[in-house]
Structure formats: structure tokens, C-alpha cells
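Right, one structure below, let's go through it.
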Amino acid sequence: RLSERMLSLLNLGNDMGHTLRMRHYEGGRDEYHPLHTDWFEIPMENGEKSNLIVTAMLCLSTPEEGGATYFPKGKPKPFRIKPRKGTLVVWYSCTEDGLEDMNSEHMGETLIKGHKWTATNFIYQHNSKCGKRKMLGKIKYRTRK
């Protein structure tokens, strides 16, 4: 259901079905995720190719220290996203002309203290969808208590 809610919010389909991945990092273990892009290509049965073009990462916890996702080539300047429980972070890994976007290169920085839990949905579509992307910006909504 979580995967479906993400796809619905982003108004996207996923050629690969459900690709939700849970990750857990624990502070003090020197765990991090090295610098990379989320660009990946898979051949489809119909001869077409599907690319991992959108990543949607839901933060499920707020660690005490560290664990940010860092985009060193971010535009207009490099930036970090500190994990905060309930935050959905979304980025494209392709340029509008359907190529791998090296500006989307990112890394998970070392978690110093606490726990970091994420649920990440990797969304695959034909790279022609890259040109139709719409960046959402910040979305804030309130949940019932």
C-alpha cells in the first residue's frame, strides 16, 4: 500500500511493479551509502527498455545525528537532506532528454547516532517520460492525530 500511495501522489506508474526497499542504518557502525546515481536500465519483454528514472524515499525515523542524503552536484548548489520522520524525498535520475543526470548523484552520509529507517520506491519507466517530468517542490500536509 505504501508503494501505491507514493505512485499515486507522484501520478506515476512503475514498469517493474513494486520496487519498495526498506533500509536500516544504525549509528556508530560506520554505515553509509557511497556516491552514485539511481540510473538503471532493464530490457522489457516487448524489446523496449525501462529505466529507473524516479526515486521516492520516505524517511521513517529521525536519527539523532548524521545520516543525511548529500547531493554534491545539486543545482543551483550542493545540498543535504537530513532524514526526518514522515518526509518524502523525490528526485529524477534523468535529464529532460532521457539521459542519465549526473547532477542527481548522491550519497548517504555516515549515521553518527541513532537509527535511520527508510522505505525507498524505485520507479521505472521508458526514458521518454523524463521530458514530461514535473518537479513537485515542497509538499506539506497534515495528518490526523
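A salt bridge between Arg29 and Glu26 is present, with a side-chain N of the basic residue lying under 4.0 Å from a carboxylate O of the acidic one. Between Lys113 and Glu65 there is no salt bridge, since none of the side-chain N atoms of the basic residue sits less than 4.0 Å from a carboxylate O of the acidic one.
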>> Between Met16 and Gln125, does the side chain to side chain contact (heavy atoms under 4.5 Å, CB included) criterion hold? Intermediate values first, please.
In response: CA-CA 8 Å; Met16 296 297 122; Gln125 290 191 354; over 6 Å; no
>> If you apply the rule side chain to side chain contact (heavy atoms under 4.5 Å, CB included), what do you find for Leu9 with Leu88, and how did you get there?
In response: CA-CA 10 Å; Leu9 174 67; Leu88 178 64; 3.5 Å; yes
>> Under the criterion side chain to side chain contact (heavy atoms under 4.5 Å, CB included), I'd like the reasoning laid out for Leu58 against Thr118: C-alpha separation, chi angles, the key distance, then a yes or no.
In response: CA-CA 6 Å; Leu58 179 62; Thr118 61; over 6 Å; no
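When the side chains of ILVMFWY residues are joined at heavy-atom separations under 4.5 Å, either directly or via intervening members, Leu10 and Leu52 end up in two distinct hydrophobic clusters. By the criterion of side-chain heavy atoms lying less than 4.5 angstrom apart, applied directly or through intervening Ile, Leu, Val, Met, Phe, Trp or Tyr residues, Met22 is grouped together with Leu7 in one hydrophobic cluster. Hydrophobic clustering keeps Met102 apart from Met107 (ILVMFWY residues linked when any side-chain heavy atoms are closer than 4.5 Å, directly or through intermediates). Cluster membership for Val90 and Tyr92, using ILVMFWY side-chain heavy atoms within less than 4.5 angstrom, is shared.
Separating the CZ atom in Phe122 from the OG atom in Ser93 is a distance of 9.0 Å, to the nearest 0.5 Å. Once rounded to the nearest 0.5 Å, the distance linking CG of Asn51 with CD of Glu41 reads 4.5 Å. Between the CE atom in Met57 and the CE atom in Met6 there is a gap of 9.5 Å [rounded to 0.5 Å]. Taking CD1 from Ile53 and CD1 from Ile123, the interatomic distance works out to 8.0 Å, rounded to the nearest 0.5 Å. Of the inter-residue distances, the one linking Leu60 atom CG with Arg84 atom CZ reads 14.5 Å to the nearest 0.5 angstrom. Once rounded to the nearest 0.5 Å, the distance linking OG of Ser61 with OH of Tyr25 reads 11.5 Å.
Here the side chain of Asn127 pairs a donor or acceptor atom with the backbone of Gly98 at under 3.5 angstrom. Judged by distance alone, with hydrogens and angles left aside, the side-chain atoms of His126 form a donor-acceptor pair with the main-chain N or O of Ser128 at under 3.5 Å.
In this structure, Ser50 and Asp15 approach most closely via the heavy-atom pair OG-OD2, 2.8 Å. Of all non-hydrogen atoms in Met44 and Lys49, the two that sit nearest each other are CG-C, 4.2 Å. A pairwise comparison of heavy atoms in Pro72 and Pro78 identifies O-CG, 3.1 Å as the closest pair. Between Ala119 and Leu2, the shortest heavy-atom contact is CB-CD2, 3.8 Å.
Using a 3.5 Å distance cut-off with no hydrogens or angles, the side chains of Ser104 and Asp38 do not pair a donor with an acceptor. A donor-acceptor contact under 3.5 angstrom links the side chains of Thr37 and Glu100, judged on distance only. Judged purely by distance below 3.5 Å, without hydrogens or angles, the side chains of Glu105 and His36 never pair a donor atom with an acceptor atom. Looking only at atom types and distance, the side chain of Thr55 has no donor-acceptor partner in the side chain of Asn121 under 3.5 Å away.
The ring pair (Phe, Tyr, Trp, His ring centres under 6.0 Å) analysis of residues 52-78, with sequence neighbours excluded, yields the pairs Phe71-Phe79, Phe71-Trp91, Phe71-His106.
The environment of Asn11 atom CG is sparse: at most 12 non-hydrogen atoms of other residues, nucleotides or ligands sit within 6.0 angstrom.
The closest side-chain heavy-atom distance from Lys116 to Pro63 is below 4.5 Å.
In this view, Arg23 satisfies the salt bridge (Lys or Arg N to Asp or Glu O under 4.0 Å) rule with no residue, not counting sequence neighbours.
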